[in-house]
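Read through the structure below, which is laid out as structure tokens, and then see the notes.
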Amino acid sequence: MSGAREETRRPAGEFSPWRAVWRQLPLLVALVALWLLLWDHIDVLTVVTGVLLAVAVTRVLYLPPVLLSGRFNPWRGLLLGLRMIADVSFASLQVAAFAVDPRWRPMNAIISVQLLTRSDLVTTLTAEAISVVPGTVVVDIDRERGLLYLHALGTRTQADVERVRRDVLGTEERIVLAIGTHDQAEAIRAARRERRSAARAAKGGNA
């Protein structure tokens, strides 16, 4: 029909500019809030400069787009927060005990961990959560392959190394179940079932 507009279909996974801005709105708000916290007071000038800087960081600088899933599970978020508190508390006591124990000799390692997701947001949050816990710190990220390289304290045996890897994957799992997409959550659950099946099979073979 003459004069009719043709509907332009966008490729799957591509968002319109307005929708991309809307999905990044929580990130913009968080950046503005961080700016206000740095200045320690709120006025018109501080808010305006915070908004301008947040837009510049997310739209002008060359950064991979960080699109939030739009999903949040309050129960999983609570479990994530409680587990982080427990991990930080236990690790702090452990590192303090190492520091005052004259018999302890450092034995550390650089460990690579293959993450189960390729989300930049999940990868960043996982790396931050790991680095917050005393005794572990992320030293490099291979974004293309989804690899984290971290320095871990007190890794004397292969069992210690595997324990660190399980802890990292557990942190990633809790983050995905709290804020990840439904597809990411299902992939995480499937990987968890595979690990448990493999563990049971290994125990049965050793029996």
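Quick caveat: nothing in here was measured; it's all calculated off a predicted structure.
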Check: [X] side chain, [Y] main-chain N or O, donor-acceptor pair, under 3.5 Å:
| X | Y | answer |
| --- | --- | --- |
| T136 | V133 | yes |
| R118 | R145 | yes |
| N108 | G154 | yes |
| Q184 | T181 | yes |
| D160 | T157 | yes |

How long is the span from the [atom1] atom in [X] to the [atom2] atom in [Y], to the nearest 0.5 Å?
| X | Y | atom1 | atom2 | value |
| --- | --- | --- | --- | --- |
| D142 | E144 | CG | CD | 7.0 Å |
| S131 | L148 | OG | CG | 8.5 Å |
| R163 | R166 | CZ | CZ | 8.0 Å |
| L53 | L31 | CG | CG | 9.5 Å |
| Q158 | E162 | CD | CD | 5.0 Å |
| D43 | T46 | CG | OG1 | 3.5 Å |

Using the rule that two of Ile, Leu, Val, Met, Phe, Trp, Tyr join whenever any of their side-chain heavy atoms come within less than 4.5 Å, decide whether [X] and [Y] are in one cluster.
| X | Y | answer |
| --- | --- | --- |
| V168 | I141 | yes |
| W104 | V95 | yes |
| V161 | V138 | yes |
| L153 | I111 | no |
| V164 | F98 | no |

**Request:** Check T123, T126, T117 against E172 for a side chain to side chain donor-acceptor pair (under 3.5 Å) and give me the one that passes.
**Result:**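 Result for side chain to side chain donor-acceptor pair (under 3.5 Å) with E172: T117.
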Given side chains that start at C-beta, do those of [X] and [Y] come closer than 4.5 Å, heavy atoms only?
| X | Y | answer |
| --- | --- | --- |
| P134 | Q94 | no |
| P74 | F72 | yes |
| I110 | L150 | no |
| R174 | R83 | yes |
| L177 | N73 | no |
| L93 | S89 | no |

**Over 12 foreign heavy atoms within 6.0 Å of CD1, I42** =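 Not more than 12 within 6.0 Å, no.
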**Message:** Would you say that more than 12 heavy atoms from the other residues, nucleotides or ligands in this model lie under 6.0 Å from the CH2 of W39, or not?
**Reply:**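 Check fails, neighbour count at 12 or below.
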**Request:** Might you work through the side chain to side chain contact (heavy atoms under 4.5 Å, CB included) test for L80 and I175, ending with a clear yes or no?
**Result:** CA-CA 7 Å; L80 172 64; I175 290 173; 4.0 Å; yes
**Message:** Would I179 and L125 count as a side chain to side chain contact (heavy atoms under 4.5 Å, CB included) here? Give the steps.
**Reply:** CA-CA 10 Å; I179 65 164; L125 292 178; 3.3 Å; yes
**Request:** Determine whether the side chains of T49 and W35 contain a donor N or O and an acceptor N or O closer than 3.5 Å.
**Result:**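 Looking only at side-chain atoms, W35 and T49 do form a donor-acceptor pair, the distance falling under 3.5 Å.
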**Message:** One pair to check against side chain to side chain contact (heavy atoms under 4.5 Å, CB included): L115 and L147. What are the steps and the verdict?
**Reply:** CA-CA 6 Å; L115 298 180; L147 284 172; over 6 Å; no
**Request:** Could you check R156 against R105 for side chain to side chain contact (heavy atoms under 4.5 Å, CB included), going step by step and ending with a plain yes or no?
**Result:** CA-CA 10 Å; R156 293 181 173 275; R105 295 293 179 270; 3.6 Å; yes
